[in-house]
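Take a look at the structure below.
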Number of protein chains: 2
Amino acid sequence: MSEQKNVGFQDIRDEVLNRIQTRVWPQGSLLPTEIELAAEFGCARATVNRALRELADQGIVTRKRKGGTRVVTTPVKQAKLPITVVRKTIEEMNAQYRYALVSRTVIDCPAWLQAKLGLPEAANIVHLTCMHQADNRPFQFEERWINVDAVPHVTNEDFLTTGPNEWLLAEVPFSNAEIAFSAVPATGPLQEFLSVPTGTPLFQLERTTWFQNKPVTFVRMTFHQGYQMRTTY
Amino acid sequence: MSEQKNVGFQDIRDEVLNRIQTRVWPQGSLLPTEIELAAEFGCARATVNRALRELADQGIVTRKRKGGTRVVTTPVKQAKLPITVVRKTIEEMNAQYRYALVSRTVIDCPAWLQAKLGLPEAANIVHLTCMHQADNRPFQFEERWINVDAVPHVTNEDFLTTGPNEWLLAEVPFSNAEIAFSAVPATGPLQEFLSVPTGTPLFQLERTTWFQNKPVTFVRMTFHQGYQMRTTY
DNA sequence: AATCATATTATGTCCAGAATAATAGGGATA
DNA sequence: TATCCCTATTATTCTGGACATAATATGATT
């Protein structure tokens with residue numbers, strides 16, 4: 001009987017990956033051509049192509065026309081960390097989320113921010129500070145600057161019940177961003193709002209966001225003492 | 001004359017993305033079917049499929065059989081941060097890289113590490129501490145534990161000239177990992193090797209690595225004062 | 001020896017057709 | 001009303017073919 005099981009592109013992808021991991025095809029070596037692999041697996045070349053393209057997307061192999069498909073020598077792993085709103089982070093911990101607006105002012109864009117956003121001239125900025133609490137304990141202190149020019153009706157929003165985080169995500173859903181992580185000492189409002197002694201090491205995330213090459217917002221999020229940001233690859 | 005330019009899948013992807021960004025197809029709405037889109041763009045359905053699949057991979061839309069293709073309501077951005085060896089990080093800054101082994105011992109696996117790696121029983125561990133310098137200034141202090149069972153000939157390696165980072169990458173190139181970022185105070189060897197006062201906030205990266213479900217290594221990398229890890233999305 | 005044109009080759013992209021799998025929605029049934 | 005089942009719809013995947021494109025190798029010319 002022995003039914004010939006049809007191979008899918010996933011089977012091919014997995015088998016090729018396996019051969020790479022077990023050094024059948026060692027690092028830096030050239031794989032057989034798509035035609036040869038298609039013959040071996042008994043499928044169309046397009047199927048092999050699909051499989052190899054996925055491996056190329058993952059950075060396992062590199063492909064060049066005429067050059068063939070090659071196992072990369074030093075794979076560059078990419079840790080993917082999902083950027084989500086604080087509320088969800090807290091809710092996923094099964095903790096009670098609470099948001100509070102601390103201050104809201106409209107200001108002229110300070111010089112340092114103008115440089116950071118790449119703004120050619122002075123602009124109106126909505127400046128916000130807010131607190132996010134988990135089970136009534138400080139979780140994250142957020143300081144945010146929003147470019148009024150990019151999101152005009154931000155001036156109508158009071159941010160009393162919804163954080164700027166979520167508001168902007170709904171308003172400007174598809175944007176680009178630059179992110180920087182660092183460790184900073186607790187000073188001024190940080191130590192106050194996060195209830196820690198002066199100088200306590202705190203995890204901080206700064207993010208500048210653009211939409212269609214127009215600067216939208218800069219945010220500085222500082223987390224409670226001992227916070228760990230986790231991910232896998 | 002007006003030559004009809006052939007549309008590629010990239011054109012379709014870009015056009016669809018554009019319509020989503022400009023709210024022609026607002027968040028949560030249902031896109032036309034592949035057949036309809038193929039008719040509109042004058043191409044085969046496979047081409048539309050390729051385009052939509054890419055958008056789905058990017059998390060812009062979700063696709064379900066029968067359910068159709070839908071614009072996601074709250075796009076979950078994924079910041080991709082390339083994990084590379086310290087040497088390359090430093091060399092990309094056009095700084096001189098210098099590596100030094102601080103200590104190397106073979107120990108029985110301590111209980112906390114056994115738990116972290118999920119090891120069922122006691123095991124041999126190679127414990128290393130090393131320093132990475134950029135232009136003769138402290139850059140990163142690395143403390144590493146390697147599971148001898150997973151990489152037996154680690155016992156033959158003295159790590160005098162090559163860091164365990166690079167050695168392992170060549171040895172176990174395709175692995176999975178869990179990563180945690182945090183801010184810690186400088187204490188003990190940290191303040192000493194990184195030349196900072198006690199309690200200075202330092203950026204720290206912890207990583208546990210598996211290969212084929214076998215724990216390989218745990219590493220704690222602590223960076224110099226003021227270090228920022230950067231990425232985009 | 002150096003340069004240029006040409007042929008070769010492997011991947012990239014596309015097409016039209018078909019079979020498959022999941023599921024939403026409607027209708028029949030309890 | 002609630003539950004189950006059928007069916008139409010839609011995305012998913014594969015096929016086998018075709019042409020396009022980029023990089024390399026080869027050969028001819030200078």
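Just so it is clear: chains get the letters A, B, ... in the order the sequence lines come, proteins before strands, and each one is counted from 1.
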| message | Output the rounded distance in Å from CZ (A:F9) to P (D:dT12). | response | 10 Å
| task | Please round to the nearest 0.5 Å and tell me the distance separating atom CZ of B:F218 and atom CD1 of B:I146. | result | 13.0 Å
| What's the closest nucleotide to the A:Q10 side chain, out of D:dT13, C:dG12, C:dC15? | D:dT13
| query | Does A:T47 or B:L31 map to a spot on DNA chain D nearer the 5' end, using the closest nucleotide for each? | reply | B:L31
| field | B:N147 side chain vs B:D149 backbone, donor-acceptor pair below 3.5 Å | value | yes
| remark: In whole angstroms, the gap separating P of C:dC14 from CZ of A:R53 amounts to 10 Å
| task | Look only at the side chain of A:E36 and the backbone of A:T33, and say whether a donor-acceptor pair between them is shorter than 3.5 Å. | result | yes
| Integer-rounded Å distance: D:dG17 P and A:E34 CD | 16 Å
| Roughly, in whole Å, what's the span from CZ in B:R13 to C1' in C:dC14? | 16 Å
| request: Return no unless some side-chain N or O of B:N49 is found under 4.0 Å from OP1 or OP2 of D:dA11. | output: no
| task | Within residues 56-68 of chain B, find the residues that approach DNA chain D with a heavy atom at under 4.0 Å, and present them sorted by residue number. | result | B:R63, B:K64, B:R65, B:K66, B:G68
| said: Can you confirm whether A:V154 sits close enough to A:W167 that some side-chain heavy atom of one is under 4.5 Å from a side-chain heavy atom of the other? | reply: yes
| request: Let me know the distance between CG of A:L52 and P of C:dG12, rounded to the nearest Å. | output: 9 Å
| task | Report the distance from atom CG of B:L30 to atom P of C:dT23, rounded to the nearest whole Å. | result | 15 Å
| request: Using atom types as modelled and distance alone, determine if a side-chain donor or acceptor of B:Y227 lies under 3.5 Å from a backbone N or O of B:T222. | output: no
| field | Side-chain donor/acceptor of A:T217 to backbone N/O of A:W145, under 3.5 Å | value | yes
| task | In whole angstrom, give the distance that lies between atom CZ of A:F41 and atom P of D:dT13. | result | 18 Å
| task | Ignoring backbone atoms, establish whether A:R50 has a side-chain N or O less than 4.0 Å from OP1 or OP2 of D:dT13. | result | yes
| Length of the line joining A:R70:CZ and D:dA23:P, which is rounded to integer Å | 15 Å
| message | Under 4.0 Å, counting only non-hydrogen atoms across every strand here, what does B:R45 touch: a base, just sugar-phosphate, or nothing? | response | base
| message | With a 4.0 Å limit, can you tell me whether B:T69 has a side-chain N or O closer than that to the phosphate oxygens OP1/OP2 of D:dT10? | response | no
| said: Please tell me whether A:R53 and A:N49 have a donor and an acceptor in their side chains that are separated by less than 3.5 angstrom. | reply: yes
